Student: 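Pasting in a structure now, in structure tokens, and then I'll have a few things to ask.
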Amino acid sequence: MRLNSVRSSPLKHFFFPAFDQEYDGERNSEGERHGRGRAHLPNGDTYDGEYEHGFRSGQGTYRFRNGACYTGEYLQNKKHGQGIFFYPDGSKYEGDWVNDQRHGYGEYTYANGDTYTGEWFNHNRHGQGTYVYKDTGSKYVGGWVNGNQEGEAELIHLNHRFKGKFLNGNPIGRGKYIFDIGCEQHGEYIQSEQDKGEGEEEEEPSLLVAPKWKASEITKLTLWTPHGENPPSPREASLVAAAAAAEAVEERAAAVTEEEKMPSIAVTDEPAEGRDDEPSLHEVSSEVFSPARDAGEEDEGSRGEEENEDQEDQGTASSEDKEDESKEAE
């Protein structure tokens, strides 16, 4: 029997009464859902889109009863290709899917306004990506491993940035802070363990705390990055500092000479109106990266992502259990 004869026949509901009450659409000559159709699942979910030999394949929209919605490509009942998933909490993912997993390249917008744009692997942030913190405007640009910040990266703040390496979401090892006022602070993050109180058993594993920044020197801007180049040696740094000091002395001497040529001007104790004093390096340093703070903000977004994964998995599982389309078409 040809497909057109099945579609146009007034007896098609007579031939397939068991499952047509939940499905309205096209079928092939074998009676499988094939072509365009709309299915109402017993759990309240709906699917409107393309089918191929009894499976959701091609473009379609799946609406979950909890308010979630996926619009995009399917392959044999699984999200596969390009698609957008809207979650009940207001977050969304737009990008690549493979075998029902976020996999490839995509952008996730979290419920708190944070965003991650970059590579995904097996549902996790993995590879190179950029995470933007909405509340502070800071952003992390660099490597990710299984959902955690890891590898060489740059953490960019409003008036300074940090270049170095990360492990499990925290900076670790050598790095540098680059300040907009035109200098750098070199040093390293040292992992420390939480001190044990008196009477605590030694057998219990020590608790790791956030790594601490240990500064070594302040220099002019250098070309060093965490991508393999070596930081300046103490001798090179001292030479740079000495050259800067000599240059400052020469500039000061020239300024004194010019002042001698100029008529004296009355000096008052009144501050200049509208003058914006530049912050000192010490003041700026007090605002440097706080692993606990930024990690906490990201954890909030990650928790929402994990909750959405659970909801998505539950919706998919229920739909697959109650809509075994390949069996219905037999």
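Only a predicted model underlies this, so the values are computations on that prediction, with no experimental measurement involved. Computed from heavy atoms alone, side chains included, the values below leave out hydrogens, waters and symmetry copies.
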Student: Students often mix this up, so state it plainly: with edges at 30° and 60°, are the rings of Tyr189 and Phe162 parallel, tilted or perpendicular?
Tutor: perpendicular

Student: Does the Asn77 side chain pair with the main chain of Phe55, one donor and one acceptor, at a distance under 3.5 Å?
Tutor: no

Student: Is the backbone of Gln76 close enough, under 3.5 Å, to the side chain of Ser57 for a donor and an acceptor to pair up by distance?
Tutor: yes

Student: Could you state whether Phe179 and Leu155 fall into the same hydrophobic cluster, counting links through intermediate Ile, Leu, Val, Met, Phe, Trp or Tyr residues with side-chain heavy atoms under 4.5 angstrom apart?
Tutor: yes

Student: I'd like to know if the side chain of Glu119 and the backbone of Gln128 have a donor-acceptor N/O pair within less than 3.5 Å.
Tutor: yes

Student: Kindly compute the distance separating CZ (Arg161) from CD (Glu184), expressed to the nearest 0.5 Å.
Tutor: 8.0 Å

Student: Looking at Tyr108, is Arg125 sitting on its ring face, NZ or CZ under 6.0 Å from the six-membered ring centre and within 45 degrees of the normal?
Tutor: no

Student: Give a yes or no on whether the backbone of Thr46 and the side-chain of His40 come within a donor-acceptor separation of less than 3.5 Å.
Tutor: no

Student: State, yes or no, whether a side-chain contact exists between Lys134 and Val132 at a heavy-atom distance under 4.5 Å.
Tutor: no

Student: Taking Asp89 for its side chain and Ser91 for its backbone only, find out whether a donor-acceptor pair lies under 3.5 Å.
Tutor: yes

Student: Please round to the nearest 0.5 Å and tell me the distance separating atom OH of Tyr133 and atom CG of Asp114.
Tutor: 7.5 Å

Student: Using the ring of Tyr70 (Phe, Tyr or Trp, six-membered ring only), decide whether Lys79 places NZ or CZ under 6.0 Å from its centre and within 45 degrees of its axis.
Tutor: yes

Student: Is it the case that over 12 heavy atoms from other parts of the model lie below 6.0 angstrom from the CZ atom of Arg36?
Tutor: yes

Student: Do you know which two heavy atoms are closest between Glu150 and Tyr140, and how far apart they sit?
Tutor: N-OH, 3.5 Å

Student: Of all the heavy-atom pairs spanning Gln191 and Ile172, show the shortest one and how long it is.
Tutor: CB-CD1, 4.0 Å

Student: Checking Tyr74 against Tyr51 for the side-chain contact (heavy atoms from CB on, under 4.5 Å) test, could you report, in this order, the C-alpha distance in whole Å, the side-chain angles of both residues, the deciding distance, and whether it holds?
Tutor: CA-CA 9 Å; Tyr74 275 93; Tyr51 285 86; over 6 Å; no

Student: Starting at CG of Asp180, measure out to CG of Leu158 and round the result to the nearest 0.5 Å.
Tutor: 7.5 Å

Student: Any donor-acceptor pair under 3.5 Å linking the side chain of Ser216 with the backbone of His186?
Tutor: yes

Student: Apply side-chain contact (heavy atoms from CB on, under 4.5 Å) to the pair Asp48 and Arg38, showing each step before the final yes or no.
Tutor: CA-CA 4 Å; Asp48 187 353; Arg38 180 178 176 83; 3.6 Å; yes

Student: Glu50 side chain to Gln59 main-chain N or O, any donor-acceptor pair under 3.5 Å?
Tutor: yes

Student: One pair to check against side-chain contact (heavy atoms from CB on, under 4.5 Å): Val145 and His126. What are the steps and the verdict?
Tutor: CA-CA 5 Å; Val145 175; His126 190 95; 4.0 Å; yes

Student: Determine whether Arg174 and Glu188 satisfy the following criterion, side-chain contact (heavy atoms from CB on, under 4.5 Å), listing intermediate values before the conclusion.
Tutor: CA-CA 4 Å; Arg174 290 197 60 82; Glu188 63 179 322; 4.2 Å; yes

Student: Which atom names give the shortest non-hydrogen contact between Gly142 and Ala153, and what distance separates them?
Tutor: CA-CB, 3.7 Å

Student: As a quick check of understanding, evaluate side chain to side chain donor-acceptor pair (under 3.5 Å) for His157 and Ser138, giving each step before the final call.
Tutor: CA-CA 5 Å; His157 296 289; Ser138 300; 2.7 Å; yes

Student: Whether the side chain of His123 engages the backbone of Arg102 through a donor-acceptor N/O pair (distance < 3.5 Å, no angle test) should be reported.
Tutor: yes

Student: Quick one: do Tyr23 and Phe64 end up in the same hydrophobic cluster if we chain Ile, Leu, Val, Met, Phe, Trp and Tyr together by side-chain heavy atoms under 4.5 Å apart?
Tutor: yes

Student: Once you round to the nearest 0.5 Å, how far does OH of Tyr110 lie from OH of Tyr131?
Tutor: 5.5 Å

Student: What's the shortest heavy-atom distance between Tyr93 and Tyr87, and which atoms?
Tutor: N-CE1, 4.0 Å

Student: List the atom of Lys139, the atom of Thr130, and the distance in Å for their closest heavy-atom pair.
Tutor: CD-CG2, 4.3 Å

Student: Is any side-chain heavy atom of Tyr62 closer than 4.5 Å to one of Leu41?
Tutor: yes

Student: Donor-acceptor pair, Arg65 side chain versus Asn43 backbone, under 3.5 Å?
Tutor: yes

Student: So how far is it from Gln82 CD to Asp96 CG, rounded to the nearest 0.5 Å?
Tutor: 4.5 Å

Student: Which pair of non-hydrogen atoms, one from Val98 and one from His80, has the smallest distance, and what is that distance?
Tutor: CA-ND1, 3.7 Å

Student: Roughly how far, to the nearest 0.5 Å, is CD of Glu52 from CZ of Arg33?
Tutor: 15.0 Å

